[in-house]
There are 2 protein chains.
Amino acid sequence: MKRNVTVKTLAEQLNISIATVSKALSDSHEISAETKQRVLDLARTLNYERNPAASNLRSHRTSTIAVIIPDVANNFFSLAIKGIEEIARTHNHHVLIYQTHEDSAAEIAFTNSLISGRVDGILISVTRSAGNLAHFQSLIRQIPVVFFDRSIEIPDAFSITTDDYESAYQATRHLAEKGCRKIIFLQGLDRLATGQRRLRGYLDALNDSGLEQLQPVALAANTDPQLIRDGIRQAIIGEKPDGVLSSIEEFVVPCYYVCRELGIDMPGALKLVSFSNLPTAPLLHPALSTITQPAFEMGRVAASCLFQILHKREVDLLSLPGLHSQLIERESSALV
Amino acid sequence: MKRNVTVKTLAEQLNISIATVSKALSDSHEISAETKQRVLDLARTLNYERNPAASNLRSHRTSTIAVIIPDVANNFFSLAIKGIEEIARTHNHHVLIYQTHEDSAAEIAFTNSLISGRVDGILISVTRSAGNLAHFQSLIRQIPVVFFDRSIEIPDAFSITTDDYESAYQATRHLAEKGCRKIIFLQGLDRLATGQRRLRGYLDALNDSGLEQLQPVALAANTDPQLIRDGIRQAIIGEKPDGVLSSIEEFVVPCYYVCRELGIDMPGALKLVSFSNLPTAPLLHPALSTITQPAFEMGRVAASCLFQILHKREVDLLSLPGLHSQLIERESSALV
DNA sequence: GTTTTTTACTTAAACGTTTTCGTAAATAAA
DNA sequence: TTTATTTACGAAAACGTTTAAGTAAAAAAC
């Protein structure tokens, strides 16, 4: 077995101390340009790779950040990850991804396993079952955390969100303008600030349109597709709405199926708008009207925010770009 | 700042040596049941978490595996990740995810950064631009690697794939049976064994159906959506096919757009089948006929295989379940 | 009753970095 | 010239764990 090349190897071959090598490799000002070059050159030819464990153990820096999300099989999150990765790369950081699958016990287990110094910081979009306020309050005191999209209301917590209120408002008004008189709201995030903002946007829009205020249809607790579908079916049968605003992408496919099952003509008898980043939205039958979030940008902004914290720079939250979602009107909410 | 609790803390409080604590925590047979219990109890009450860096440095075990894939925003891969995670969890391992975005330079950079002991093993689905045989040959000698789905032909390499040949064959026969006389193959993986198997299945099926053999349409080199779309448009205008077999999911959306642009009636004038795990396939207009791979199962099997290697158990490749894709016929390839 | 084995621990040396502190030489300031 | 400062490096101590080797006492084997 070939001996691994370490700082010691380099030091011996160059006849300098390992301290000098280490400092040269991290471009310390204590080392002369000439020595640095010699070290770098040898490191390259010997294919030296710094041992991350040793480095982390000594320096308490891991060059790794964690991303905790409900599910990568969701276009919003996969795009956000793309943005996060891009920023992480520029900071030479690795990205650990954890999926909670909406299980807050898993979420707690993940975060607990992370505070022992496995990562430098955490980007998280919390589970909808969560609401575990105390846990997160304790977490953010132990490690830098940035919430994105699905946030929890904690003072002093960093969170990157979009204009949830405005976009929900706008989408609801849009449905009303297209003639909907009874619009229901499929609530997927009732325990989260994000969900509450979307709900308020919806309710205010109903009010401003002179429409009946309705209780949101809470579909939060489960992640089982069958249960979600049943919940939606019941809501549609029970309420007989002519408009639906869905607060998360996961409800889109079940909505279409339920309409087909019940023989409801979309958009004739029922119009649908959903928060969604589905790339196939324009190709659905009927094409889905969406509130499309700037997922990629959000990932970038959230990650940038985290790195600002890690670099001990003051985070000027006001300087963060305002992120706006976009209502894209398609057939599913068109006038027939 | 609160002092972190380490094995030393536990040892002092229990009046035993740190070695005993360490062994108790890893459930060593050298330690009495009673002592183990005392250690475990105290560890729990003090909220002890093992320092992964120190552990890794000393033991050369990381409790982490890496997954390298082209893109998480692809339903096949996100499902595979789900399967991988599930298995990793049962082995108490963390999962690092790297996206290459089809850039083989990134792929090489990732793997190089991983061999310095950041992870115990690698699961990889290679880029289509790859074909970097020498690099992978060197890699698999340095760290356990399991290829899944997109594999490279290397002797002694572990790779988990599905019945690519058979499913491509079957899909092509299906198109022929539905009346297609000129079926083109959109090749996305021409440099990879996976793509070659799909191509051979297609060609053999053409032959067995008595149809004209055509050059595959190679769309491999780029990942730019516009270029992909242009390539597909050119192929359809140039070849005037009445059937299309798409070897990867990424071509589905552009195919639909091109057909709309060119005013081609699907499935009337052109029928389409694609390898795909799109959850919205049944809701597209027209509903997409797919070859659906057992993505979740593949993730599980690939991860299980990796853990078998890590545990130094002989990997009985024959005992691995044969994974079969499923042809799901829908409107896009229906007889009109 | 003596020897061997087993049990349940302890000691101490790693693992490969980073970082504090020290220092000699070179340079600048007085 | 003397003193102060800067520059460029080295010695050595961490970081928190695992593990090889050692050991006393208890149990088993003879």
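Reminder, nothing fancy here: chain letters follow the sequence lines and each chain counts from 1. Values below: every heavy atom of this structure, side chains too, minus hydrogens, waters and symmetry copies.
- Contact check, A:S22 against C:dT18: a side-chain N or O comes under 4.0 Å of OP1 or OP2.
- Listed by residue number, B:I18, B:A19 are the residues of residues 10-21 of chain B with a heavy-atom contact under 4.0 Å to DNA chain D.
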Donor-acceptor pairs under 3.5 Å, side chain of residues 48-55 of chain B to any protein atom, not counting sequence neighbours: which ones?
| residue | atom | partner | partner atom | Å |
| --- | --- | --- | --- | --- |
| B:N51 | OD1 | B:A53 | N | 2.8 |
| B:N51 | OD1 | B:A54 | N | 3.0 |

Side-chain donor-acceptor pairs of residues 63-76 of chain B under 3.5 Å, sequence neighbours excluded:
| residue | atom | partner | partner atom | Å |
| --- | --- | --- | --- | --- |
| B:T64 | OG1 | A:R118 | NH1 | 3.3 |
| B:T64 | OG1 | B:T62 | O | 3.0 |
| B:D71 | OD1 | B:A73 | N | 2.9 |
| B:N74 | OD1 | B:F76 | N | 2.9 |
| B:N74 | OD1 | B:F77 | N | 3.3 |
| B:N74 | ND2 | B:E250 | OE2 | 2.9 |
| B:N75 | ND2 | B:E249 | OE2 | 2.8 |

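- Here A:Y48 reaches the OP1 or OP2 of C:dT17: one of its side-chain N or O atoms lies under 4.0 Å away.
- Using cut-offs of 30° and 60° on the angle between ring planes, the pair A:F307 and A:H91 is parallel.
- Scanning residues 27-41 of chain A for heavy-atom distances under 4.0 Å to DNA chain D yields A:E30, A:I31, A:S32, A:T35.
- Applying the salt bridge (Lys or Arg N to Asp or Glu O under 4.0 Å) test to pairs two or more places apart or on separate chains, those with a residue in residues 11-25 of chain B are B:K23-B:E30.
- Scanning atom types as modelled, one donor and one acceptor separated by under 3.5 angstrom connect the side chain of A:R58 and the base of C:dT18.
- Evaluation of atom-type donor-acceptor distances gives no pair under 3.5 Å for the side chain of A:K8 against the base of C:dT17.
- Residue A:R61 places no side-chain N or O under 4.0 Å from the OP1 or OP2 atom of C:dT17.
- The distance between atom NZ of B:K23 and atom C1' of C:dC9, rounded to the nearest whole Å, is 7 Å.
- Applying the side chain to side chain contact (heavy atoms under 4.5 Å, CB included) rule to B:L79 yields the partners B:N277, B:A295; only residues at least two apart in sequence or on another chain are considered.
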